[in-house]
Novice: 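One structure follows; several queries about it will come next.
Protein chains get the first letters and strands the later ones, always in sequence-line order, with residue 1 at the start of each.
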2 protein chains.
Amino acid sequence: MKRSSRLSIALHALVHLHAQPGKSLTSANLATCLMTNAVVVRRVLGELREAGIVEASKGPNGGWSLMRPATDITLRDVYVAMGERLLRTESDPGDATCAIVRSVDRVMTEFLDDAEALLAARLARVRLSDIAANAMHAGFPRLD
Amino acid sequence: MKRSSRLSIALHALVHLHAQPGKSLTSANLATCLMTNAVVVRRVLGELREAGIVEASKGPNGGWSLMRPATDITLRDVYVAMGERLLRTESDPGDATCAIVRSVDRVMTEFLDDAEALLAARLARVRLSDIAANAMHAGFPRLD
DNA sequence: CAATATGTAACATTAAAAGTTACATGAAAC
DNA sequence: GTTTCATGTAACTTTTAATGTTACATATTG
């Protein structure tokens, strides 16, 4: 299958849970909609459970449900809960005996930290309810 | 070796070129400092050559050199030249028959485009000369 | 022509994410 | 209590993108 992402899977699952309030959806249900495997869903939602975003119940009629209203869940919450790294770029230590490489590495690291914080702040402005509400329209909350 | 990135390699190489004005460095030279392979260096710098950022000359005393002063090269230039994607996250189409998945995918895509543009704008503020100048100090140009 | 460096194709290696299988555990319905 | 259903999780395989490597053609300098 194609290369998607854990964050994307998490958001898909959360919107599905939000769209069916009261009902709890099983990993197998969600896996079908997300075109992935039930274990992958459990792994991702398991991290969100530890962060108190969702809860799971076992047995018949069990499954996953939101622990908070969608207005109280930001994309940053999800992002942090999953220990996800948004930036693809990593800094490379290179040859430690090369002074320039060491310096560039430090500068790169600072930049990446900055950018990461910047994106996290933007994510904090988008709530799960925003996504759900806007899902039916073309618009999307501007980031600037 | 560890998992670094093309952007990091490119910046390392460019700072080295900037630090040795007049001289042209070979792929093998740069590969030693960056602790990578000469072919990897050629691949990365080859893209910067097509973008007019560096030039290469063959034969004895050949190698790589900057085509513009470091004050005229921004990180965004490098980023765009390499067709690099800064964001690790990708949106997942999921099951196309599921309306929610389609909608979430559209929203995710819009968000990613937004974030990508945001980061590119930030990168445009940092020049190669800034990196070189600040490499010797603890400071780094703030992004906000 | 000899030496040197890029340009590039072809292939191997690596690492992270995703997919899969298997089974233990817990909760609800009867 | 037993059956059923669903999560929790370990262990393993598969996939994919990036990186590393080898080899050789090509161009340039002297």
Novice: Given 3.5 Å as the limit, does a donor-acceptor pair link the side chain of B:D77 with the main chain of B:T74, or not?
Specialist: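 Between the backbone of B:T74 and the side chain of B:D77 there is a qualifying donor-acceptor contact (under 3.5 Å).
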Novice: Rounded to whole Å, please give me the gap between CD in A:E55 and C1' in D:dT7.
Specialist: 13 Å
Novice: Using heavy atoms to find the nearest nucleotide of DNA chain C for A:K58 and B:K58 separately, return the residue whose nucleotide is more 5′.
Specialist: B:K58
Novice: What about B:R42, does its side chain sit under 3.5 Å from the base of C:dT8 through a donor-acceptor pair?
Specialist: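 By the distance-only test, yes, there is a pair.
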Novice: B:R6 CZ to D:dT19 P: how many Å, rounded?
Specialist: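 In whole Å, D:dT19 P and B:R6 CZ are 7 Å from each other.
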Novice: Measure from the side chain of B:A56, starting at C-beta and using heavy atoms only, and say which of D:dT7, C:dG7, C:dT20 lies closest.
Specialist: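 Nucleotide nearest to B:A56's side chain: C:dG7.
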Novice: Of the options C:dG7, D:dG20, D:dT7, whose atoms approach the side-chain atoms of B:V40 most closely?
Specialist: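 Looking only at heavy atoms from C-beta outward on B:V40, the closest nucleotide is D:dG20.
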Novice: Round to the nearest Å and state the distance from A:L45 atom CG to D:dG8 atom P.
Specialist: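 Distance check: A:L45 CG to D:dG8 P gives 9 Å.
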Novice: Expressed as a whole number of angstroms, how long is the span from B:E47:CD to D:dA18:P?
Specialist: 11 Å
Novice: Can you tell me if B:T36 touches the phosphate of D:dT19, counting only side-chain N or O atoms and a distance under 4.0 Å to OP1 or OP2?
Specialist: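 So the side chain of B:T36 is outside the cut-off, no N or O lying under 4.0 Å from OP1 or OP2 of D:dT19.
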Novice: Backbone N or O of A:N61 within a donor-acceptor pair of the A:S24 side chain at under 3.5 Å?
Specialist: yes
Novice: B:M35 has an atom CE; how far is it from atom P of D:dA18, in whole Å?
Specialist: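 Those two atoms, CE and P, are 22 Å apart.
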Novice: Looking at A:V39, A:L34, A:V41, which one forms a side chain to side chain contact (heavy atoms under 4.5 Å, CB included) with A:N37?
Specialist: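 It is A:V39, the one option of A:V39, A:L34, A:V41 that forms the side chain to side chain contact (heavy atoms under 4.5 Å, CB included) with A:N37.
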Novice: Could you state the CZ-P distance from A:R43 to D:dA10, rounded to the nearest angstrom?
Specialist: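 Spelled out: CZ on A:R43 to P on D:dA10 is 11 Å.
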Novice: Given D:dA23, C:dG7, C:dT4, identify the nucleotide with an atom nearest to the side chain of B:P60.
Specialist: C:dT4
Novice: Atom OG1 of B:T36 and atom CZ of B:R43: how far apart are they, to the nearest 0.5 Å?
Specialist: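 It is 9.0 Å, given to the nearest 0.5 Å.
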Novice: Choosing from C:dA27, C:dG7, D:dT7, which nucleotide comes nearest the side chain of A:T26?
Specialist: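 Of the candidates, D:dT7 comes closest.
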Novice: Below 4.0 angstrom from OP1 or OP2 of C:dT6, is there any side-chain N or O of B:S27?
Specialist: yes
Novice: Determine: side-chain N/O of B:R49 to OP1/OP2 of C:dG7, distance under 4.0 Å, yes or no.
Specialist: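 Yes, within the criterion.
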Novice: Assuming nearest nucleotide by heavy-atom distance, tell me which of B:N61 and A:G59 is located more 5' along DNA chain D.
Specialist: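 It is A:G59, whose closest nucleotide lies nearer the 5' terminus.
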Novice: Looking at B:R6 and B:M82, would you say the former's side chain and the latter's main chain have a donor-acceptor pair under 3.5 Å?
Specialist: yes
Novice: Return the value, rounded to whole Å, for the distance between atom CG of B:L30 and atom P of C:dG7.
Specialist: 13 Å
Novice: Rounding to an integer number of Å, can you tell me how far A:L7 CG sits from C:dA18 C1'?
Specialist: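 These atoms are roughly 16 Å apart.
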Novice: Any side-chain N or O of A:N37 below 4.0 angstrom from OP1/OP2 of C:dA18?
Specialist: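 Checking A:N37 against C:dA18: no side-chain N or O falls below 4.0 Å of OP1 or OP2.
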